[in-house]
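Scroll down for the structure; my scribbles are underneath it.
Counting starts at 1 for both ligands and their atoms, in listed order. Worth knowing before you read on, the calculation uses all heavy atoms, side chains too, and leaves out hydrogens, waters and symmetry mates. In this chain, numbering begins with 1 at the start of the sequence shown.
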Amino acid sequence: MQRIISPSLLAADFGNLQSECEMINRSEAGWLHIDVMDGVFVPNISFGFPVMEAVRRHCTKPLDVHIMITHPERYVQRFAQAGADTLTFHCEAADNPCEVIGLIRAEGIHPGIAINPDIPVKALEPYVESVDLVLLMSVFAGYGGQKFIEDSYGRLAELVAMVRRINPRCHVEVDGGINKQNAGKLFELGADVLVAGSSVFRADDPMQAIHELLNN
Ligand code: DX5
Ligand code: ZN
């Protein structure tokens with residue numbers, strides 16, 4: 001599968017969202033990653049629909065929306081209306097993940113399912129056949145700028161084997177602490193989408209940082 005970098009808007013300059021979106025449009029980023037946090041599922045609160053709608057107006061790339069919220073089923077339609085192309089929720093945040101996947105499909109967008117580092121990869125197995133993306137967190141969801149958890153390599157290898165067996169067209173995305181030191185190995189292990197917040201938006205040259213993540 002084609003390799004994709006999905007820069008996380010969480011590390012962008014929110015005073016200059018339009019120019020940050022225009023940089024993404026000009027860059028080799030395949031998608032733009034949008035982290036929505038509710039202060040309940042995770043201890044942090046990020047931003048909501050008005051910000052996402054503004055980003056949608058300026059960004060020409062697909063919006064890869066990662067929701068770290070409880071009861072994701074309540075907001076599927078709102079996220080679709082706000083411009084999500086892919087909507088990824090946490091397996092451990094939903095009472096009935098199959099229902100959430102069905103609601104996302106019904107909106108005509110791509111369903112994704114995520115797990116935190118303390119959830120066994122096996123927990124995703126029942127859902128792999130019905131999603132278009134699985135997201136492996138390589139830090140605990142909640143904050144940008146955390147250190148990559150080294151255990152994630154082994155978990156990724158296990159996840160890639162499972163996805164190739166059950167649903168080979170499903171994207172495998174890794175999120176958290178990704179930089180040019182670890183990106184190459186993650187791609188080699190079979191991830192095809194890498195999220196990068198700090199290592200893109202805090203770089204001296206974000207477009208060059210995206211280029212280097214993609215080609216290392
Ligand atoms: C963490 C978010 C990540 C995060 C990535 O809860 O899901 O997407 O913003 O940021 P970096 O690349 O700085 O770890
Ligand atoms: Zn994320």
* Close side-chain approach of Leu136 and Arg155, heavy atoms under 4.5 Å -> yes
* Residue and atom, protein N/O/S, under 2.8 Å of the Zn ion (ligand 2) -> His33 NE2, Asp35 OD1, His66 ND1, Asp175 OD2
* Asked: Just checking, any donor-acceptor pair under 3.5 angstrom between side chains of Asp85 and His110?
  -> no
* Asked: Do the side-chain N and O atoms of Asp35 and Ser8 include a donor-acceptor pair separated by under 3.5 angstrom?
  -> yes
* To do: Would you please indicate if the ring centroids of Phe89 and Phe41 are separated by under 6.0 Å?
  => no
* **For the student: nearest non-hydrogen atoms of Phe49 and Arg78, plus distance** => CD1-NH2, 3.1 Å
N/O donor-acceptor pairs under 3.5 Å from side chains in residues 97-105, not counting sequence neighbours:
residue : atom : partner : partner atom : Å
Arg105  : NH1  : Asp132  : OD2          : 3.0
Arg105  : NH2  : Ser130  : O            : 3.3
Arg105  : NH2  : Asp132  : OD1          : 2.9

Output a table of donor-acceptor pairs, distance under 3.5 Å, between side-chain atoms of residues 186-198 and any protein atom two or more places apart or on a different chain; print 'none' if there are none.
residue : atom : partner : partner atom : Å
Asp192  : OD1  : Val172  : N            : 2.7
Asp192  : OD2  : His171  : ND1          : 2.6
Ser198  : OG   : Gly145  : N            : 3.4

* Considering only heavy atoms from C-beta outward, does the side chain of Leu9 approach that of His33 to under 4.5 Å? -> no
* Name the residues with a heavy atom less than 4.0 Å from ligand 1? -> Ser8, Leu10, His33, Asp35, Met37, His66, Met68, Met137, Ala141, Gly142, Tyr143, Gly144, Gly145, Asp175, Gly176, Gly177, Val195, Ala196, Gly197, Ser198
* Asked: Any idea which heavy atoms bring Pro7 and Ile5 closest together, and the distance?
  -> CD-O, 3.4 Å
